[in-house]
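Inspection log for the structure reproduced underneath, given as structure tokens.
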Amino acid sequence: MLFKGLLFLSGAVLCTRLPALPHIWFASGLLPVTWLIWKFPGFRFPGYVICGFLWTLLNAHLVLQHELQPGEEGKSLYAEGVVVSLPETRDRSIRFNFRIDELSQYGHAVKSNPGKVRLSWYEGRQPLQPGERWRLTIRLKRPHGYMNPGGFDYESWLFQNRLRATGYVIDDEENTRLQKASRLNPDLLRFVIRNKIREALPSDALAGFIPALAVGDRSGLSDAHWQVLTATGTNHLIAISGLHIGLVAGIVYLLVLRAWGPLCLFVPVLPGHVSGVRLAAAAAMLGALAYALLAGFALPAQRALIMLCVYFGMKLYYRTAVSSDVLGTALFAVLAIDPFAPLSASFWLSFSAVAVILYGVGYRAHLQRRRLWEWGRVQYIVTMGLVPVLALYYQEIPVYSLFANMFAVPWVSLVVIPLVLSGCALLLVGVDLLLELALASMHAFWWAMNLFTAWEFQLLPVSRPGLISMAVISAGVLILLLPRGITSRWLGLIWLVPLFFPAKIGLSSGEAAMTVLDVGQGLAVVVRTQRHSLLYDAGPAYASGFNTGAAVIVPFLRDKGIGTLDMLVQSHGDIDHIGGLQGLIGELPVSRVISSVPGEIPLLQAGECLDGQAWSWDGVHFQVLHPGSTQQLSANDRSCVVRVETRGLVMLLTGDIEERAERSLLQRHGERLRADVLVVPHHGSKTSSTRDFIEAVSPDIAVFPVGYRNRFGLPDRDVVSRYREHGARLLSTAESGAIRIKTTGAGLQVTAHRDKQRRFWHAAK
């Protein structure tokens with residue numbers, strides 16, 4: 001069964017790798033292929049792959065039929081629908097998921113109803129509850145997110161969660177609550193419990209963990225919390241998934257079995273109609289279902305529930321629960337319900353964890369002896385077994401995960417979770433003592449985790465493995481986890497060597513690769529030579545706490561195997577250029593920093609960038625052309641301008657310079673401004689890119705670093721026309737994602753990440 005499940009999975013994965021979907025009529029072959037599998041046993045192996053592909057194809061078309069048309073983006077629309085998530089209250093806004101039942105404009109129905117959308121409500125916001133029906137005035141845009149190597153694919157996350165548009169609520173008198181939520185709505189119960197928890201607990205730095213463990217609401221956790229959890233490898237304990245739901249199911253199962261004997265004494269006819277094992281298994285499944293609903297029925301909770309139902313379902317029918325059959329059946333069931341589950345890292349982490357435990361431990365007789373030793377061995381197996389998945393998705397491995405989880409897993413499972421759940425039950429009748437004990441137990445957990453984070457080398461950076469490297473590393477892990485008694489298991493360590501050798505960047509002396517990262521309305525550029533790297537600007541930060549240094553730049557550098565920045569050039573101090581530094585500093589060392597605003601760069605000793613500064617790396621020459629030492633200019637016009645010269649090819653980085661700085665550059669440098677590649681000044685604003693400047697630079701490629709549908713309307717149409725009239729090839733990060741331009745002896749190679757990694761759910765140009 002496991003092998004069949006893996007074949008079905010391979011078909012589903014193949015479909016999710018497609019840049020565009022075949023016609024939905026191809027899915028009509030699903031029933032004939034299923035019949036062929038049943039009729040002809042020799043066709044089963046390819047048949048399961050084809051079924052996985054066609055089933056995923058059918059579901060993909062069903063999801064994508066709810067699409068907002070480009071012509072409806074940014075328009076004021078009237079929507080009637082239901083709040084279908086816990087509202088997340090922030091300082092200035094409320095964010096929530098909204099299922100649109102009716103969408104109209106000027107009294108006429110809009111045909112392109114995207115269904116479920118993700119909304120933010122800023123001005124005039126009102127309190128919301130899950131299950132309420134509202135009429136709202138909204139503006140929407142199609143799913144769109146940053147697209148960068150190594151970065152989080154937000155569009156994929158929206159697709160997995162069936163969110164087919166994002167937008168915001170407009171302050172309007174027409175915004176009206178039409179109907180209250182039904183008391184039977186599970187999300188309303190979660191909302192009530194969350195609010196009661198917040199009211200019952202004192203103001204405390206760790207109070208946000210209690211609703212996270214009770215109802216799956218992690219909005220109260222800060223970035224600092226996640227940093228500690230990531231560094232110790234214990235972040236899985238906060239996601240309500242297999243561990244927690246399995247714990248609840250196991251407790252219910254054991255309680256019913258314990259109560260079966262006394263119950264039969266009081267009801268003598270009971271044993272003749274039902275067995276204790278069946279009753280306990282049914283109760284365990286109901287308990288797991290209740291907790292999954294309480295957690296919001298998120299995708300990890302759904303997968304855990306399915307796996308438990310498969311296991312206990314076998315007990316209901318007195319079937320022997322063979323481990324491989326349980327895992328294979330659970331895999332089939334998960335993919336049947338959600339064929340897009342493999343798009344999530346948590347899918348691979350959860351199934352890999354179960355698989356390696358079964359491989360490394362199995363059902364051995366000696367598990368009843370030396371339980372502490374075996375518990376440590378299980379943690380070792382999981383830690384080693386997840387190395388390939390962690391390397392693939394995160395490019396870092398928690399060094400102290402094994403030791404942290406040996407304490408954290410039993411403490412959270414046997415102490416914190418029971419206190420939280422029983423505390424929530426008592427909270428409904430006004431008793432909050434157990435929740436306070438749960439908070440105290442979280443403080444003990446946090447104290448232990450802080451002991452680990454106080455040590456150095458918390459996270460081991462590794463290289464993202466390719467297909468062959470992934471196979472080699474996985475083989476090494478399997479060798480290390482072979483049963484005791486088999487000699488030379490240590491040879492598995494040799495197979496892990498690819499983790500520490502990044503793929504060659506393919507640059508020779510005199511060549512360079514420039515990547516203009518997709519950071520929305522901001523700028524971040526990485527220039528690499530054969531052995532060195534430079535970062536020009538760090539992208540934006542936002543009031544919500546999100547910054548592109550941590551979300552885009554650091555993952556990109558890790559993906560490329562860059563452990564140290566040789567140079568950081570911070571062009572100027574605007575938040576869309578410097579905001580990402582707060583997420584970058586401390587994540588990797590920076591050898592040298594220059595900036596037009598050195599005093600605004602915290603924790604780094606920055607020098608001033610001035611015209612005339614120059615250095616060479618690996619046959620590539622770098623020169624600062626602007627600002628001059630005596631010039632009195634505005635903040636934008638003092639942006640550092642850097643010229644990068646390779647073998648006969650030139651790239652020019654210009655920051656936010658405007659017309660006055662362009663005139664100064666023309667006067668001082670003239671013909672030296674000629675460049676093959678230009679990162680367009682000030683994102684294509686009409687205050688820059690004068691005709692004289694464009695004529696002097698005469699770029700073959702002009703890159704506009706802009707955000708999708710940004711509020712400034714950049715790039716300006718007249719500016720675009722000027723570059724187009726000059727004959728330059730125009731590229732935009734909003735349309736292309738990260739843009740990589742590599743210089744070679746034969747010229748320029750241009751790669752748009754959105755085109756290279758396009759999947760069928762990604763926004764089209």
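- What you find for P699 and L678 is that their closest heavy atoms are CB-CB, 3.9 Å.
- Note on residues 569-640: pairs passing disulfide (SG to SG under 2.5 Å), not counting sequence neighbours, are C609-C640.
- Among all heavy-atom pairs drawn from S533 and I562, the shortest one is OG-CG2, 3.5 Å.
- Shown here are the side-chain contact (heavy atoms from CB on, under 4.5 Å) partners of Q749, two or more places apart in sequence or in another chain: K742, T744.
- Side-chain atoms of Q570 and L581, non-hydrogen and from C-beta on, do get closer than 4.5 Å to each other.
- Side chains of V679 and L652 form no contact here, defined as non-hydrogen atoms less than 4.5 Å apart.
- Rounded to the nearest 0.5 Å, atoms CZ (R90) and CZ (R125) are 12.0 Å apart.
- With rounding to the nearest 0.5 Å, the separation of CG in L565 from CG in L535 is 5.5 Å.
- Other residues, nucleotides and ligands place no more than 12 heavy atoms under 6.0 Å from the CZ atom of R92.
- Listed by chain and number, the residues in a salt bridge (charged side-chain N to carboxylate O under 4.0 Å, His left out) with E645 are R643 (sequence neighbours excluded).
- Between the side chains of T687 and E658, at least one donor N or O sits under 3.5 Å from an acceptor N or O.
- Not one N or O on the side chain of N161 forms a donor-acceptor pair closer than 3.5 Å with the backbone of L163.
- The salt bridge (charged side-chain N to carboxylate O under 4.0 Å, His left out) pairs that include a residue from residues 566-593 are R558-E587, where partners are two or more places apart or lie in different chains.
- Applying the disulfide (SG to SG under 2.5 Å) definition to pairs two or more places apart or across chains, none involves residues 648-705.
- With contacts defined as side-chain heavy-atom distances shorter than 4.5 Å, the pair V703/V525 does not qualify.
- Under the 4.0 Å criterion applied to side-chain N and carboxylate O atoms, R118 and E88 are assigned as salt-bridge partners.
- For the ring-ring contact (aromatic ring centres under 6.0 Å, His included) test with H144, the passing option among Y154, Y708, F159 is Y708; the others fail.
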Exercise for the section: Using the side chain to side chain donor-acceptor pair (under 3.5 Å) rule, take H577 and D656 through it: C-alpha gap first, then chi angles, then the decisive distance, then the call. Expected result: CA-CA 9 Å; H577 292 249; D656 274 357; 3.1 Å; yes
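- Listed by chain and residue number, L633, D637, R663 satisfy the side-chain contact (heavy atoms from CB on, under 4.5 Å) test with R660 (two or more places apart in sequence, or in another chain).
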Handout entry: salt bridge (charged side-chain N to carboxylate O under 4.0 Å, His left out) between E73 and K141, worked out
Key = CA-CA 5 Å; E73 288 185 290; K141 67 178 181 180; over 6 Å; no
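- With hydrogens and angles disregarded, a donor-acceptor distance shorter than 3.5 Å links the side chain of S596 to the backbone of S571.
- Every residue meeting the side chain to side chain donor-acceptor pair (under 3.5 Å) condition with S698, not counting sequence neighbours, appears here in chain and number order: H726.
- Defined by atom type and a distance below 3.5 Å, a donor-acceptor pair is missing between the side-chain atoms of T232 and Y400.
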Practice task
Under the side chain to side chain contact (heavy atoms under 4.5 Å, CB included) rule, what do L714 and F704 come out as? Steps first, then yes or no, please.
Solution key: CA-CA 9 Å; L714 298 177; F704 292 91; over 6 Å; no
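- Remark: the H762 side chain and the D153 side chain contain an N/O donor-acceptor pair separated by less than 3.5 Å.
- Qualifying salt bridge (charged side-chain N to carboxylate O under 4.0 Å, His left out) partners for R722, counting only residues two or more places apart in sequence or in other chains: none.
- Partners of D716 under the salt bridge (charged side-chain N to carboxylate O under 4.0 Å, His left out) rule, at least two apart in sequence or in another chain, do not exist in this structure.
- At least one side-chain heavy atom of L604 sits less than 4.5 Å from a side-chain heavy atom of L568.
- Listed by chain and residue number, E725 satisfy the salt bridge (charged side-chain N to carboxylate O under 4.0 Å, His left out) test with R691 (two or more places apart in sequence, or in another chain).
- With rounding to the nearest 0.5 angstrom, the NE2 atom of H683 is 11.5 Å from the OG atom of S689.
- Remark: W226 engages no residue in a ring-ring contact (aromatic ring centres under 6.0 Å, His included) (not counting sequence neighbours).
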Exercise for the section: I would like to know whether I741 and I701 meet side chain to side chain contact (heavy atoms under 4.5 Å, CB included); could you show each step before the answer? Expected result: CA-CA 10 Å; I741 302 173; I701 297 174; 4.1 Å; yes
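- The backbone N or O of Q227 lies less than 3.5 Å from no partner atom in the side chain of T230, so there is not a single donor-acceptor pair.
- Inter-residue side-chain proximity for V624 and I594 is flagged as met; some heavy-atom pair is nearer than 4.5 Å.
- In this structure, Y536 and L523 have side chains that are in contact, with non-hydrogen atoms separated by less than 4.5 Å.
- To the nearest 0.5 Å, atoms OG1 (T733) and NE2 (H753) are separated by 13.0 Å.
- Within the 4.5 Å cutoff, the side chain of Y168 has no heavy atoms near those of the I138 side chain.
- For residues 607-619, the pairs satisfying side-chain hydrogen bond (donor to acceptor under 3.5 Å, both in side chains) are T529-D618, R531-D618, H532-D618, E608-R638, D611-R668, D611-H669, S616-H621, with sequence neighbours left out.
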Handout entry: Stepwise side chain to side chain contact (heavy atoms under 4.5 Å, CB included) test for V620 and V644
Key = CA-CA 7 Å; V620 179; V644 183; 3.7 Å; yes
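- Rounding to the nearest 0.5 Å gives a distance of 8.5 Å between CZ of R528 and CG of L557.
- Between the OG atom of S736 and the CZ atom of R740 there is a distance of 15.0 Å, given to the nearest 0.5 Å.
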Problem - Worked verdict on E662 versus T690 for side chain to side chain donor-acceptor pair (under 3.5 Å) - result: CA-CA 8 Å; E662 290 179 358; T690 59; 3.0 Å; yes
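- H626 has its side chain out of reach of T654: every pair of non-hydrogen atoms, C-beta onward, lies at least 4.5 Å apart.
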Practice task
Tell me, with the steps shown, if L665 and V641 meet side chain to side chain contact (heavy atoms under 4.5 Å, CB included).
Solution key: CA-CA 9 Å; L665 280 165; V641 176; 4.1 Å; yes
